[in-house]
Protein chains: 4
Amino acid sequence: MKRKKIPSLVKDQKLVERRRKQIIEAAVECYKEKGFHKTTTREIAEKAGFSIGTLYEYIRKKEDVLYLVCDAIYEEVQRKAAEAIGFHTDAVVQLKRALFGYFSVMDSMQDEVVVMYQEVKSLSKESLPYVLKKERDMEEVFEELLTRCVAEKRLSLLQKEIRCAANNLVIAGQMWAFRRWTLQEAYDINTYTELQWRLLYFGMKHVSEVTE
Amino acid sequence: MKRKKIPSLVKDQKLVERRRKQIIEAAVECYKEKGFHKTTTREIAEKAGFSIGTLYEYIRKKEDVLYLVCDAIYEEVQRKAAEAIGFHTDAVVQLKRALFGYFSVMDSMQDEVVVMYQEVKSLSKESLPYVLKKERDMEEVFEELLTRCVAEKRLSLLQKEIRCAANNLVIAGQMWAFRRWTLQEAYDINTYTELQWRLLYFGMKHVSEVTE
Amino acid sequence: MKRKKIPSLVKDQKLVERRRKQIIEAAVECYKEKGFHKTTTREIAEKAGFSIGTLYEYIRKKEDVLYLVCDAIYEEVQRKAAEAIGFHTDAVVQLKRALFGYFSVMDSMQDEVVVMYQEVKSLSKESLPYVLKKERDMEEVFEELLTRCVAEKRLSLLQKEIRCAANNLVIAGQMWAFRRWTLQEAYDINTYTELQWRLLYFGMKHVSEVTE
Amino acid sequence: MKRKKIPSLVKDQKLVERRRKQIIEAAVECYKEKGFHKTTTREIAEKAGFSIGTLYEYIRKKEDVLYLVCDAIYEEVQRKAAEAIGFHTDAVVQLKRALFGYFSVMDSMQDEVVVMYQEVKSLSKESLPYVLKKERDMEEVFEELLTRCVAEKRLSLLQKEIRCAANNLVIAGQMWAFRRWTLQEAYDINTYTELQWRLLYFGMKHVSEVTE
DNA sequence: AATGAATGAGCCTTCATTCAT
DNA sequence: GATGAATGAAGGCTCATTCAT
């Protein structure tokens, strides 16, 4: 499943890209402040610096902006995360670096993450899958890293445990943004990252031990 | 911080309570289906079985319904969770029971949890704190259980680690509902609960070990 | 095919009827002046004497007003025509009276007829048939009268000629309104009626004669 | 009253003519499908094969296209009708031929006729007369033919009856297109033409007889 | 001459809220 | 207390027209 194409009346692809970047930027700012529903298309146009008519040259419906925004956020998260991961011969070290990189992205994109969390549900039944796919991709990045750790006997997760663990990693990062009202009251990003790394890492390391 | 009082034009407290129960029930159903913003007050009134005029005898603004709903959901979660926890002499057993009970509630109230997750942000700046307080209460329930485990040397969490761990427990439960599109594709509630228990438990047990 | 029911949010049937009468009256006036497309719903509401919100309590879409108008016009034409026809033992006399009555109605409802002629095409594919049916009904009234004339040997139309002749009668009346820019420059309604009666009547009387 | 001149920004007359032909062709197609009001200038430009900017080099306002279309249709009707009429020494034969020719044109230009009937009213008060004049010209063609028939004693119409009769001839043809939903259900063009010829001809032949 | 991006007035429609009955 | 008709602000979206390139 690729990115969904939103048609534009304007033909110049370069221009479309530039204008849409403006739109997204403006929209994110508005969404942060008042959410998707309370943001009017006029506000977005205005903040983007052009008229309402022009806005509609680059989208078809209000919801298109939301899709554009969600898509852009994921794109950026993935891009930043990917470049943060790098590679290391030691599987666990790589996993750790990936997590730290991902958490750092979550920290720097807090607002965007919150927007995503709260507005995804407003996407149409048609657009939603495209976005969920990207979320799932994120999960899979960690699944693969975990799989490598398991393959190299650095973690002893069962096959079925990997997905759950990967989920936890992904979520832990997002929650830094989404539950900032409580978490950021108690920790700074470094402390939080370190803490979560250990909680999650040791969980994964010892999960196969017998328990009561 | 107590529950926030929503004024009603109707004097008879009994009646107010009965009607509001109807309102909440109707609203939750609507929110599940289309979210807060796309649900009209008319729909709520209709589904509740009375006229739009009557609805406004029991609330002042559309948002009041959302508050009522959020409040009611938390109330129910807490009530059910509380009765599920019970007591056990062994601190870890009690923690485990609490977690299992909580997860079971999350499973049975999936829709409600999703509604909460997606609509809280629509609460006014004024109402939000009341609701976040309840969320925080949930966290504290687990913080206390963890504190007891630590006190009885069953877990060796540092003071500052407790809050983060408690957060993870709370979140893990909510995610069963909120990320059902991915998690429930892979697990059933029992498997998920068991898995998370072990991942989280061992994480908390071994978190203080030295790590690379 | 009965009249199509346009749903209303207002329950009081009596009120619905009264308000819709106002709407129709206002709309006809607007349509006369500027046509359906250039008439705004606000203008209709205003001319009808209530707010735009109220208008939409009695219709769903702008086009509903058009349907209401078309339906009302036909209803009135039929009602007036019916009461004008009466009965006479002599079939031809009855036909003549019917025609004269019909023409008189066309004369008194000129504006409405013109509106109909020009706006019917704006009805949705869904509504159109209901209106065309009424037009066809009009035709059939004359077909029956002609059939009686034929049965009583007062006219010698072949079966297949009846429909065409009936059409001509119907049209001749409508044209008094629709082509008033030319016809009413040359005739008054009485002259026109008398003239058409004779042209059409003798046509029908002698149509079966051999022609070159 | 001549044709009304629509100014163009482009100097080259040849080009103007060519482009306008394209515009008209495109517009007619659009009007057939959705009427004047629902057709956008963009659609016309696109279907004509050039840009919206270019369209506005050849017209000033949307309505200009409508005028161009109406004018073109009449032009074509007249041209085709004229070439169909021919000449015959016998006045009635010529009348008949003219009618048959005219009906045949109406048949082949059904869509255009319908467009005209429904959109003329959308012409500005300023343009309308030019178009009505052409309609009147059509009438006059038949008035003249009828006058000749009368002069040669082949028909005994009174002076004032000629215009009405001519009107009926013109209308009968147009109705084949405009009321095709009912007429073409019952007849084919040949039957219809023959039938109308006889109904109208005998009407005109015997109109001066005394009637009840 | 041709292009097509930009504009913004304006339209239809919805819906939270009020208030007379 | 209950009802539901009335209100009108507000929002999404369209499209004729312009103008810089």
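Quick note on labels: first sequence line is chain A, next is B, and so on, each numbered from 1.
Candidate nucleotides F/dA16, E/dT14, F/dT7 were compared by shortest atom distance to the side chain of C/Glu57, and F/dT7 ranks first. Of the candidate nucleotides F/dA9, F/dG1, F/dG4, F/dG1 has the atom lying nearest to any side-chain atom of B/Lys11. In this structure, of F/dA16, E/dA1, E/dC15, it is E/dC15 that holds the atom nearest to the side chain of B/Thr40. When distances are taken from the side chain of B/Ile52 to each of E/dC12, E/dA2, F/dA5, the shortest belongs to F/dA5. Between F/dA2, F/dT17, F/dC13, one nucleotide has an atom nearer to the side chain of B/Leu15 than all others, and that is F/dA2. The listed nucleotides are E/dA2, F/dG4, E/dT13; the one nearest the side chain of C/Lys62 is E/dT13. For D/Tyr56, the side-chain atoms get nearest to F/dT18 when compared with the rest of F/dT18, F/dT3, E/dT17.
Geometric assessment of A/Lys61 against the ring of A/Tyr67 yields a negative cation-pi assignment under the 6.0 Å and 45° thresholds. Geometric assessment of A/Lys62 against the ring of A/Phe36 yields a positive cation-pi assignment under the 6.0 Å and 45° thresholds.
Rounded to a whole Å, the CZ atom of C/Phe50 is 20 Å from the P atom of F/dG4. We find that CZ of A/Arg18 is positioned 11 Å from C1' of E/dA5, with the value rounded to whole Å. Summarising the geometry, the separation between CG on A/Leu55 and C1' on F/dG11 is reported as 13 Å, rounded to the nearest angstrom. Here F/dA16 presents its C1' atom at 13 Å from CD of D/Glu43, a figure rounded to the nearest Å. In this structure, the CZ atom of A/Arg42 is 8 Å from the C1' atom of F/dG12, given to the nearest Å.
Each of D/Arg3, D/Arg20, D/Lys133 was checked for a salt bridge (Lys or Arg N to Asp or Glu O under 4.0 Å) with D/Asp71, and the lone residue meeting it is D/Arg3.
Base-pair partner of E/dA1: not found among the strands shown (Watson-Crick or G-U wobble, both distances under 3.5 Å). Base pairing of F/dC15 is made with E/dG8, judged by Watson-Crick or G-U wobble geometry with both donor-acceptor distances under 3.5 Å.
A donor-acceptor pair is defined here as one N or O able to donate and one able to accept, closer than 3.5 Å; no such pair exists between the side chain of A/Arg60 and the backbone of A/Ser8.
Toward the 5' end of DNA chain F, the nearer of the two residues D/Lys38 and A/Thr41, judged by each one's closest nucleotide, is A/Thr41.
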